Amino acid sequence: MNTTIATGARVELRDVRIDYDDGPAAEIDLVVEPGEVVILLGPSGCGKSTILRALAGLQPIAAGAARVDGDPHDHPDTKCAMVFQEDALLPWRTARRNVEFALAMRGVLRKRRRAIATGLLDQVGLTGFAEHLPRRLSGGMRQRVQLARTLAAEPRVLLMDEPFGALDAQTRLEMQQLLVSVWLRHRTTILFVTHDVDEALLLGDRVVVLTSRPARAARIVEVARPRRPGAQLEPEFAGQRQEILALLGHSPDLPQS
Amino acid sequence: MNTTIATGARVELRDVRIDYDDGPAAEIDLVVEPGEVVILLGPSGCGKSTILRALAGLQPIAAGAARVDGDPHDHPDTKCAMVFQEDALLPWRTARRNVEFALAMRGVLRKRRRAIATGLLDQVGLTGFAEHLPRRLSGGMRQRVQLARTLAAEPRVLLMDEPFGALDAQTRLEMQQLLVSVWLRHRTTILFVTHDVDEALLLGDRVVVLTSRPARAARIVEVARPRRPGAQLEPEFAGQRQEILALLGHSPDLPQS
Amino acid sequence: AAGADDGVVPVAVGYQSKTINTVTAGTLMKELGLLEKYLDTAAEETGETYDLTWHDFASGPPLTAEMIAGKVHIGSMGDFPLSVNGAKTAEFDDVKTSWVSVTGYNLTGSLNQIVVPNSSDATTLADLEGEVISTSLGSTAHGNLVSALDAAGLSPEDVELLGQDPPVGVTALESDQVDALAQFVPFPQRVVFSGGGRLLHDGNTGVPTFHGVVASDAYTEEHPEVLQAFLAAQREAMEFLHQHPLEAAMMVAEATGLPPEVVYLYNGPNGAVTFDMTVKEELVGAVETGLPFLQELGALEQLDLDDFVNEEPLRELYGAAYDETKASLTNPSAITGHDEVCGIDVADPATASEAWPAGEETTQVAATPTCLLRLVAQGGEYRALYVPDASSGTRIFGEHATWVSDPSAGENATLLPFGTVADADAYATEHAGSQVIDYQTALDSV
Amino acid sequence: MTTTKERPTADLLPAPEATEAPTTASPRRSPRRAARRLLPAVPILAALAAWQLLTQYDVVAWLRFDKMPGPAEVGTSIRLQLEAPVFYQHVLSSLRRILTGFAIAGVTGVLTGIAIGRSKTTAALVRPLIEVARPVPAIALVPIAILLFPTGEQGIVFITAFAAFFPITVATIHAMKTLPPVWTDAARTLGANRWQVLVHVVFPGAMPSIFSGLSVSMGVAWICVISAEMISGQFGVGYWTWMSYSLLDYAGVVTGMLTIGLLGFTTSWAIERIGRRVNRWLPGEGW
Amino acid sequence: MTTTKERPTADLLPAPEATEAPTTASPRRSPRRAARRLLPAVPILAALAAWQLLTQYDVVAWLRFDKMPGPAEVGTSIRLQLEAPVFYQHVLSSLRRILTGFAIAGVTGVLTGIAIGRSKTTAALVRPLIEVARPVPAIALVPIAILLFPTGEQGIVFITAFAAFFPITVATIHAMKTLPPVWTDAARTLGANRWQVLVHVVFPGAMPSIFSGLSVSMGVAWICVISAEMISGQFGVGYWTWMSYSLLDYAGVVTGMLTIGLLGFTTSWAIERIGRRVNRWLPGEGW
Ligand SMILES: Nc1ncnc2c1ncn2[C@@H]1O[C@H](COP(=O)(O)OP(=O)(O)OP(=O)(O)O)[C@@H](O)[C@H]1O
Ligand SMILES: Nc1ncnc2c1ncn2[C@@H]1O[C@H](COP(=O)(O)OP(=O)(O)OP(=O)(O)O)[C@@H](O)[C@H]1O
Ligand SMILES: [Mg+2]
Ligand SMILES: [Mg+2]
């Protein structure tokens with residue numbers, strides 16, 4: 001268990017290289033300050049998930065060093081929790097029990113777990129689905145259960161791999177707000193992968209735009225703070241948006257999607 | 001094999017109701033003309049996937065009738081092919097062999113399959129990944145393999161369940177263009193689930209906005225044609241966008257996400 | 001069952017290599033190539049080709065099972081399995097068998113014996129009350145055990161019987177899981193010879209026991225020449241065994257892996273087994289005596305003995321000499337020669353003894369066990385000593401016997417060997433001044 | 001095959017009827033389902049009839065049915081045994097042995113399988129031993145077991161456990177290999193330690209495979225208990241059957257086999273039942 | 001346990017070293033790996049040493065090692081047999097039987113398993129028969145096989161196939177249950193008919209389970225070939241071992257067991273090898 005529960009940790013990636021059989025997948029040098037929200041944006045298959053997995057301690061790094069709060073982080077622990085891109089729910093546990101799993105791992109007393117889990121599921125909009133097995137939930141619902149489960153872990157670093165990818169605009173907005181409120185409360189360090197530039201600008205302190213594989217930081221965009229709804233409409237914001245889109249390879253005359 | 005390869009079929013859902021153990025998941029009455037592109041938009045867990053599954057013949061319908069070209073469609077066949085929301089690749093086949101599978105099912109001669117499959121993978125931007133097993137591909141790459149595989153089937157009805165959900169803006173745009181070009185060539189009937197209103201307006205002839213579970217058509221929005229890049233910037237388009245967002249529960253002053 | 005495609009006649013012979021009193025119809029016949037020889041002769045007459053196969057079995061019942069299935073045509077087994085064979089095959093016309101010859105017999109039943117672990121306290125059968133005894137159910141040994149128990153005033157219910165294959169029983173005995181082992185040839189003496197146990201009962205119940213040969217009627221009717229060849233081969237094997245007992249024992253031991261000393265104990269001259277092919281009245285009587293036991297066991301319902309016994313083929317082989325041979329009950333193979341140590345001829349089979357010096361291809365004879373001990377006391381290595389039990393006459397291992405020193409007995413008979421402690425005790429009680437001693441003491445005392 | 005449309009609703013729970021919607025679009029399913037209730041009886045009856053006919057007419061067509069006892073004979077034999085109290089004692093002995101041996105094998109097998117599947121060091125250390133011991137037929141151990149164990153009972157239980165151990169171990173190792181890594185990954189990033197991953201992820205995730213192993217293992221355990229009883233001559237159904245064979249009482253042999261079959265069926269059924277309960281989260285059977 | 005970091009790169013292919021990056025962040029792995037090469041020898045040597053000591057000092061501590069032959073005795077016995085040509089004939093006979101029986105069981109088992117797993121009608125029809133027949137120990141079939149089959153050879157092969165059939169069937173049924181439905185769903189919407197789904201999706205998807213079944217089944221097949229040889233007295237390693245036992249030649253029994261163990265090891269290894277080849281798409285073993 002963390003001694004300083006849910007206060008963001010400092011994350012350092014020092015000249016990290018991560019390899020697969022067929023060559024390097026990512027080469028990155030990045031420092032994330034405690035409580036900072038960093039967005040990873042990049043083409044499909046560039047290595048975003050790989051970076052998050054390495055940070056979570058799930059993927060060995062070939063060179064360099066990954067540190068969380070100064071300690072090398074080469075195996076998973078409670079410090080960093082991850083929302084996976086895939087369906088990572090335990091299929092034999094209901095939605096509620098999946099969330100309770102994270103609580104149990106954190107050492108929450110058994111009798112308190114149920115209430116917390118139900119509360120979290122309510123927050124992600126799954127009231128009434130607490131007792132459903134994952135296979136009886138839709139794709140978006142499963143994603144939200146995963147979100148609830150990861151929040152339940154109250155980690156110091158949140159690694160989120162396209163957590164809102166399968167959500168409709170409305171639900172996605174609610175989830176974003178939920179995330180922001182969690183962040184406001186705990187100042188968790190967040191590394192967030194998304195393909196949605198608006199989402200990136202809404203949530204991020206910095207947006208790291210990655211090249212295609214191997215992922216390298218093409219550009220790091222600082223986002224004006226404080227983030228708030230409607231900020232996207234401001235001119236500076238629009239400029240950053242165009243900048244990022246351009247970096248991602250959009251010719252300026254193409255529609256924003 | 002189809003006799004009239006890849007010409008869109010007429011899809012009818014006549015007062016269809018689809019049930020799960022815990023009650024109805026969708027109640028829908030909809031006719032899709034041959035070659036029409038219909039978008040399903042709706043909150044997470046409302047029943048979109050369920051509707052597509054029923055149309056594919058994978059899900060029994062409790063009431064009403066689902067017809068493709070007038071024939072009841074209660075078991076899967078080549079008429080309707082589906083891009084699944086989940087990872088539906090066969091894990092023991094490489095990307096290329098997954099695509100070849102669809103070709104084989106369509107009766108394409110063995111010697112021609114390889115070239116076609118490689119061509120399709122090139123089109124979805126996976127040049128060089130043809131021999132990768134799915135577990136060595138990123139989430140977005142797997143989605144694209146699925147797209148290539150489904151296109152390889154040359155169905156008369158394309159059922160697409162959030163096919164571009166895990167793609168970055170640039171790749172997504174390319175895939176959209178690919179889809180449009182396929183549609184222009186074959187006039188396939190397309191039912192498309194997405195959470196992206198822009199995508200809906202870009203691709204759809206009609207956008208069916210669904211209520212939350214059980215999914216009912218809250219409103220059907222006709223989209224101005226011909227669809228073309230940049231159309232989103234036109235005023236009529238913006239109006240429809242606002243209309244749909246409102247239907248989906250957005251208060252107008254909220255940011256578009 | 002006797003299908004003869006393209007002039008090839010299958011000849012399937014079943015035998016029990018471990019059950020060494022069937023050697024003349026099995027191992028020895030096979031090793032000497034006798035059946036092949038006689039079949040070749042027959043082939044010249046009939047023009048048929050004979051395809052001979054040998055099938056080795058651990059006990060009688062599986063052999064009978066194969067005969068019922070029509071896969072074995074001629075087989076040899078102990079008296080109880082033989083009865084069961086006759087009764088069971090009689091239910092099917094195509095595989096019905098007849099009892100055509102005998103391999104060897106023992107008139108007192110001493111082919112079956114009961115051994116106990118060396119550590120056992122039991123001295124008589126009565127001591128086994130309530131104990132666990134391993135035997136092969138439905139075998140001759142089982143029947144023998146029941147008779148012996150009966151003689152000792154016990155019923156089968158007074159002990160706990162475990163039906164185990166002989167080797168399993170031996171292992172169980174060696175690891176103290178059973179208190180006694182009632183088995184047939186050669187297992188009891190094997191245990192004794194290896195020092196794993198001692199004899200409790202030498203099987204003498206007065207009921208004869210034997211091993212016999214059965215042949216499928218349908219088959220022999222179609223191919224009488226095969227049965228004739230078989231019987232001729234058996235007779236030649238028997239004669240070989242009579243004339244060269246030690247060589248025969250070595251041969252059998254070599255082929256089966258049994259210790260030659262044990263084989264020679266049973267199959268040697270004056271051995272427990274009398275090798276004689278004729279179907280003697282006593283043996284038919286023994287079968288009849290055993291029937292109620294088998295019926296009670298549920299092994300058979302009825303056996304028409306008159307129909308079962310078929311002496312015709314043997315008569316054809318022996319000719320006029322058959323009845324004379326049949327009537328004789330003496331062991332054609334006796335220990336003979338001159339006892340150098342005591343300086344007398346070896347004559348009385350009741351005392352004639354034998355020693356097998358290590359590394360020798362011949363044995364040394366002694367007129368009495370006492371003379372034998374004198375011989376041994378002179379020094380030299382011996383593989384085994386064979387002496388007749390002083391009470392029953394059954395041939396036993398001298399070095400594993402219980403000895404009684406009776407100074408009052410004749411000069412060459414002061415030391416008397418007994419298979420069981422009980423018999424030795426009984427003798428000592430009857431003869432005042434005599435003393436029960438072990439082999440080493442006996443040897444030292446001459 | 002008309003089951004095509006049922007997959008999504010059919011699950012492993014005992015009452016699939018509950019999933020039937022009141023106004024069903026395919027009313028033809030209900031009579032079918034009634035027929036399906038009776039189906040299991042069909043093959044059993046057919047087998048009985050075939051047996052009766054084959055033995056009655058002493059059919060010899062490559063296979064030879066002429067010496068086989070017919071159902072009537074066996075029926076008499078069964079009736080006889082059902083009245084004999086000693087028969088029940090035999091059955092009880094066998095049951096006691098199988099349950100003990102199976103329980104031992106189950107616990108050790110699952111633990112060994114997990115250890116091998118999860119740790120390369122353990123795998124390197126233990127697998128060779130297991131691979132060498134596995135193919136040694138339990139029956140060949142009878143002599144050794146008799147020598148090794150103080151009582152015959154322990155020997156049989158040992159042999160049973162020995163034989164049942166391997167299918168369970170193999171199935172567990174197999175489960176370890178096929179477990180989606182994302183499950184353990186997720187648990188570990190949530191702070192689960194090795195032990196918790198084992199208990200909460202690996203173990204339940206492996207359950208379907210483990211139960212498949214238990215099911216096979218129960219079959220093997222029966223083979224061994226019976227063989228061991230036959231050979232080592234300890235009271236039990238196997239012993240009883242073997243004695244019938246020694247007496248060439250084929251009707252008795254068949255009775256014994258049927259008894260063993262019934263016992264085995266009951267134990268397998270129990271495992272299947274529990275397995276369904278434990279693994280009811282599985283996508284289902286058939287489509 | 002230091003294997004934690006290896007999962008993503010370690011796969012089932014024989015040369016895991018190739019995945020090592022040139023500038024590795026964890027240099028301590030290489031010596032460990034060398035040590036791991038030697039690990040498999042450790043338990044075998046330990047077992048040998050224990051055996052030697054236990055028999056040498058005739059230990060009797062609950063288990064009784066006083067009657068057991070020691071390694072030296074067994075070594076002599078093995079040397080003797082290796083020089084006897086007849087021993088190789090025994091081995092060949094057994095091998096021929098096992099391969100035939102196993103092949104028959106493999107084909108029929110997989111087909112039956114698929115049929116049961118995919119069709120409720122077949123399941124209802126066939127499962128009861130299978131469930132009743134499964135627990136009947138193959139060894140109990142020896143008497144019946146003798147009566148039924150024209151030759152003893154066929155009887156043994158039948159018994160072997162009979163016993164090996166069930167683990168394969170059970171594993172295949174299990175695979176059918178755990179197959180992710182989306183695979184078949186996808187294939188079917190691509191126009192695959194039942195047959196094509198079977199060949200292209202169900203069959204390859206079930207392969208990991210099937211191989212786990214084959215592996216167990218090979219063990220069971222050996223048990224049965226050996227038992228059947230022992231009982232029915234047909235030439236073969238089992239017969240040889242049993243004959244040694246009949247002669248109370250315990251060293252011979254152990255030699256026989258070791259031979260059987262080695263044969264079984266080789267066949268299992270072959271299956272494992274092929275299985276790895278076929279299923280190399282699996283996420284891997286351990287983590
Ligand atoms: N196999 C099932 N059994 C029972 N209920 C199910 C099953 N699959 C889905 N459901 C329920 O049906 C409803 C609709 O699910 P569906 O997957 O169609 O949603 P969706 O509109 O595709 O959502 P999303 O956008 O999140 O993918 C959900 O409430 C879900 O819980
Ligand atoms: N287990 C693996 N073995 C080998 N290569 C892999 C493996 N996993 C991913 N890769 C490769 O590494 C690269 C980066 O993959 P990664 O999953 O990190 O991409 P991503 O940026 O998350 O993409 P997406 O946005 O599509 O999820 C891809 O080219 C992929 O093919
Ligand atoms: Mg990714
Ligand atoms: Mg969906």
Side-chain angles (χ1 to χ4, degrees), chain A residues 20-22 25 41-50 84-87 125-126 128-129 132 136-144 161-162 164-173 175-176 194-199 202 213 228-233 244-245 248-250 253-257, chain B residues 20-22 25 41-50 84-87 125-126 128-129 132 136-144 161-162 164-176 194-199 202 213 229-233 244-245 248-250 253-257:
Chain A
Y20 285 120
D21 302 6
D22 48 358
L41 255 175
S44 167
C46 76
K48 302 179 294 297
S49 301
T50 306
F84 290 81
Q85 194 174 2
E86 309 94 308
D87 178 8
L126 289 177
F129 289 95
H132 276 50
R136 293 179 57 204
L137 296 175
S138 77
M141 293 159 106
R142 286 198 286 258
Q143 249 184 1
R144 285 182 276 157
D161 200 352
E162 305 189 31
F164 307 146
L167 299 181
D168 60 298
Q170 172 63 20
T171 316
R172 172 174 262 203
L173 195 64
M175 293 305 112
Q176 288 165 352
T194 182
H195 289 305
D196 186 328
V197 180
D198 290 328
E199 188 170 70
L202 174 69
R213 181 177 174 183
R228 60 179 183 281
Q232 293 99 313
L233 301 177
I244 294 170
L245 286 172
L248 285 169
H250 284 244
D253 59 337
L254 270 180
Q256 321 116 1
S257 60
Chain B
Y20 285 120
D21 301 8
D22 48 357
L41 256 177
S44 169
C46 76
K48 303 179 294 296
S49 300
T50 306
F84 290 81
Q85 194 175 3
E86 309 96 308
D87 178 10
L126 290 177
F129 289 94
H132 277 49
R136 294 180 56 204
L137 296 175
S138 78
M141 292 160 106
R142 285 198 287 259
Q143 250 186 359
R144 285 182 276 158
D161 200 352
E162 306 189 30
F164 307 146
L167 300 181
D168 60 297
Q170 174 62 20
T171 316
R172 175 175 260 203
L173 195 66
E174 286 163 17
M175 293 304 113
Q176 287 165 351
T194 182
H195 289 305
D196 185 329
V197 180
D198 289 328
E199 187 170 71
L202 175 68
R213 182 176 175 184
Q232 293 99 314
L233 303 178
I244 294 171
L245 285 172
L248 286 171
H250 283 243
D253 60 337
L254 270 180
Q256 322 116 359
S257 61

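Throughout, a chain's letter reflects where its sequence line sits, starting with A, and its residues are numbered from 1. Predicted, not measured: the structure shown is a model, and the values here were computed from it.
A side-chain contact (heavy atoms from CB on, under 4.5 Å) with A:S44 is found for one member of B:R172, B:R144, B:Q143, B:Q170 and no other, namely B:R144.
Residue with the most contacts toward chain A among B:R142, B:K48, B:M141, B:E86: B:M141 (heavy-atom pairs, distance under 4.5 Å). Between chain B and the residues A:A166, A:G125, A:G139, the largest count of heavy-atom pairs under 4.5 Å involves A:A166.
With sequence neighbours excluded, the residues that form a side chain to side chain donor-acceptor pair (under 3.5 Å) with B:S49 are B:Q85, B:D161. Partners of B:R136 by side chain to side chain contact (heavy atoms under 4.5 Å, CB included), not counting sequence neighbours, listed by chain and number: A:D21, A:D22, B:H132.
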